[in-house]
Each structure stands twice: as C-alpha cells, then as structure tokens.
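What follows is a set of notes on a single structure, which appears directly below.
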Amino acid sequence: MKKYLLAPGPTAVSPEVLLSMAQPILHHRAPEFVELLKRVKEDLKWLFQTENDVLILASTGTGGMEGSVSNFLSPGDKALYINGGKFGERWGKICKGYGVLTEEIKVEWGCVVNPADVAAALEKDPSIKAVFIQASETSTGVAHPVKEVAQIVKNYDNCLMVVDAISAMGVFDVQTDAWDLDVVISGAQKALALPPGLAFVSISEKGWRQAEKCTNAKFYFDFKKERDAIRKNQTAYTAAVSLILGLEQSLKMMREEGREAIFARRATMAKALREGMEAIGLASFPKEGASVSVTAISAPEGYDAQAIYKDLRVKYGITAAGGQDQLKGKVFRISNMGYLDTFDTITAVAAIEMVLKAMGYEIKLGTGVGVAQEILLKK
Ligand SMILES: *Cc1c(COP(=O)(O)O)cnc(C)c1O
C-alpha cells in the first residue's frame, strides 16, 4: 500500500530534501559547514522576516519553547500565557518547571484569544514579563491574532511577545520585525517539511536586554552562547549537520517559490479541503480563526472521529491525526503543511468520502472532491 503522510507533524518531506540529507557527513567545524551555515542563516532571516539572528538548535520545537522561557524569565517572575489547546497549555507547564509564576487566559478550544483580554491582564498586572502565545494552535486548528496582541505588548517595555510559530512560519504570514515579535520559534517537522530534530528561535533587541537580567539556571539551551556561535556561522555544540543540509534545500525551494506564492498556495489547499468537507456535511471544528496549517474537521453526528482516522490509515495508507484530550473521537485533523500539493488535498477529500461511505454515512461519492477541484483548478 502506498503511504501518505497527511498529519500536522511530522509532515511529508520532498525527494530533493531527502537526497540532500544523504550527502556525506560534514564536520561541524569544517569550512564547508561554516559556509553552509552562513547561507542557511540568511535564508532563515528571509523566512522569519527579520534582521535578528535566528538560532538553530538541535532539538524538537519544545526545546525552542523551553529555551524561550528559561532564557528570559527568572524564578518568581510573572508570565501570561494563552491557553486555547494542547500547545498553549504547554507554556504553562514549562513556566511551572522553571518556577515562573503564571497568569492564564483560558480560551475555549476552537476559538481565538480576544486581544482585549490580553490588554486587560497587562493593565491589571504590569509586572508581567512575557506573553506566550501560539500563531497556530495545532491541536484545535486555530490561528490566534498574533499581530493584534503584539501591538498591545509592545507598549510594555519590560514585557516580551513570545510566539510559538512552529506550525505557522512558512505557511502563512508571520512578520517578526514589522509586528514587533520579540521571540519567535519554529521547528523542522511541520511547516518546513523536514524530518524532526531542529528548532529555530529569533530574538529581538528587547529580548536580549531581558535575557541579560535573567538569573535562571540553564546550560544546553543557553541562547547567548548560541547567538555568539551563530554570529561566527557556528553552533555552540555539534550541529545536526544532515538536517541542516536538508534545511538548506527546503529553504532554497521556498525562496524559489516565494513567500507570497507559498502563502497563497497553502491557503487555497486549506480552503479546498474545508469546503470539500462542508459539501459532504462535515463542519470545520474552529468556530473562528481557522488556521491554514491544519484543518480540524468535526466528525458527523454519531460517527467516531478516531474510527475515521484509523480507517484512513488501515484502508488507504493515509496518516492523518485524531483529536487530543477533550477532542478525542470528536475531530480528526489533516495537514496543509509539508511536501503536499493539489492532489494530496484531493486524495484526502476522496479518501474521507470513501471511509464515511463504507461506515454507512449517506453521501454521493465525488461531491466533496468536485468542490475541492473547482477551488484548486488552475485557470
Ligand atoms: C508540534 C508543535 C509543538 C511541539 O513541537 P515538538 O517538535 O513536538 O517538540 C509546539 N507547538 C506547536 C504549535 C506545534 O504544532
């Protein structure tokens, strides 16, 4: 059976990237590697839309999140985090691990944070030193209004805007510098269509000033050490050299396509999937702010989303994702990230129709596919 990876991470990797990673291992202090890092560094700045250094860490995305707490906040400091899903919740857990006191804005799953709530929380407690948010909350398929929240946070000199863009950067517009985002995190295996194992973090001047005051204990994720290294086109410890070769290829392909073209293509895929599902009576889970990166789809009344997700895999070789925690059995999720194109979206819609039909769901096969085709049709 042919396999299709349509999960919102890890995502499918292109043959070009896979082949580039098959090159012989470079020594991480060799001149060729220094040259490679110099190129990759510039391409990452292009991707992040920033003039800041972008750190390259050998870790998954969570390592980037952890470092974004441990490098800027000291025990006893206060942070505000937006909790509208599994990844928002993780900010709270990391802060707790570092003795950082937290204020939480709980957002109903499937909804976006109201920027006015952030404004009110900061007004009430101006000692808050960071606001932690997700650009795309992968567990619910919602994109929070990062730009609007950042406009509030930037008025507080001692408060950083920290954005987990792990499933956003490279799929839709996230403007690090223009929107005054102080710390922005991305990861390899979602939007960048690489195997897991790299995290990227950009840090503003304001962020570095706050890092100077941080008394927290840290070692591996010491961002200042990584900054000093990346300025010399190095990493502090052994770089994940093969992954960085893959990264170079992935970024090269992204630059060739162009940021705007990528954003438009991904948005069209997400729209085709969403409307294809609606055409067969399946609603998209988010009530507002549906993310382009991942489409969370509610199972029809009386049908188990876990069974749909399982049948996609067992019958048709498609790996999607189920729902997490309270959404388990209620939603399944399809990625619009990774090495995917028009016919992956069609495949997803067609397979979901077939799985549902076999379960007894009343449907005229091809209904959703037709709608998706109309949207994807290149004129
Ligand atoms: C996947 C993901 C993470 C965690 O990344 P890992 O690479 O699994 O550590 C964090 N935030 C978001 C929004 C994600 O999608």
Side-chain angles (χ1 to χ4, degrees), residues 5-13 47-48 55-70 81-95 97 107 109-113 130-146 149 161-174 176 181 183-202 220-221 240 243-244 246-247 250 266 270 285-286 289-296 319-325 327 331-338 340:
L5 186 53
L6 299 180
T11 59
V13 179
L47 179 71
F48 275 65
L55 311 181
I56 303 174
L57 308 169
S59 81
T60 69
T62 306
M65 292 174 75
E66 173 160 346
S68 298
V69 171
S70 63
Y81 71 104
I82 314 306
N83 180 1
K86 283 301 276 181
F87 295 107
E89 183 181 71
R90 189 167 298 174
W91 283 128
K93 290 182 178 169
I94 298 171
C95 286
V107 177
W109 284 32
C111 295
V112 298
V113 69
V131 173
F132 292 104
I133 193 170
Q134 267 65 36
S136 175
E137 172 52 79
T138 318
S139 64
T140 62
V142 160
H144 286 302
V146 164
V149 171
M161 177 72 187
V162 184
V163 182
D164 165 1
I166 291 169
S167 63
M169 188 63 77
V171 175
F172 57 87
D173 204 16
V174 179
T176 302
L181 311 180
V183 181
V184 181
I185 305 140
S186 171
Q189 84 278 18
K190 309 269 171 92
L192 287 176
L194 292 164
L198 289 176
F200 315 100
V201 187
S202 80
Y220 183 66
F221 293 115
L243 285 169
I244 291 173
L247 173 65
S250 173
R266 300 286 178 183
F285 171 71
S291 172
V292 167
S293 306
V294 53
T295 304
T319 301
Q324 293 164 288
D325 289 359
L327 295 186
V331 310
F332 60 98
R333 294 171 297 148
I334 305 278
S335 173
N336 303 305
M337 301 178 283
L340 301 182

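Only this structure's heavy atoms are used, side chains among them; waters, hydrogens and symmetry mates stay out. Counting starts at 1 for both ligands and their atoms, following the listed order.
- Checking side-chain atoms of Q134 against main-chain N and O of H144 turns up no donor-acceptor pair under 3.5 Å.
- Scanning for side chain to side chain donor-acceptor pair (under 3.5 Å) contacts around R90 gives T62, with sequence neighbours left out.
- Side chain of S70 to main chain of E66: a donor-acceptor pair is present (N/O by atom type, distance under 3.5 Å, no hydrogens or angles).
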Protein N/O near ligand 1 N/O, under 3.5 Å, which pairs?
unit_1: ligand 1; atom_1: 7 (O); unit_2: G61; atom_2: N; d: 2.9
unit_1: ligand 1; atom_1: 7 (O); unit_2: Q189; atom_2: NE2; d: 2.7
unit_1: ligand 1; atom_1: 9 (O); unit_2: T60; atom_2: OG1; d: 2.6
unit_1: ligand 1; atom_1: 9 (O); unit_2: G61; atom_2: N; d: 3.3
unit_1: ligand 1; atom_1: 9 (O); unit_2: T62; atom_2: N; d: 2.8
unit_1: ligand 1; atom_1: 9 (O); unit_2: T62; atom_2: OG1; d: 2.5
unit_1: ligand 1; atom_1: 11 (N); unit_2: D164; atom_2: OD1; d: 3.4
unit_1: ligand 1; atom_1: 11 (N); unit_2: D164; atom_2: OD2; d: 2.6
unit_1: ligand 1; atom_1: 15 (O); unit_2: T138; atom_2: OG1; d: 2.4
unit_1: ligand 1; atom_1: 15 (O); unit_2: K190; atom_2: NZ; d: 2.7

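- Of the possible donor and acceptor atoms, none in the side chain of R266 sits under 3.5 Å from a partner among the backbone N and O of S293.
- Every salt bridge (charged side-chain N to carboxylate O under 4.0 Å, His left out) that K86 has, sequence neighbours left out, goes to E89, D325.
- S167 is linked by a side chain to side chain donor-acceptor pair (under 3.5 Å) to S136, T138, counting only residues two or more places apart in sequence or in another chain.
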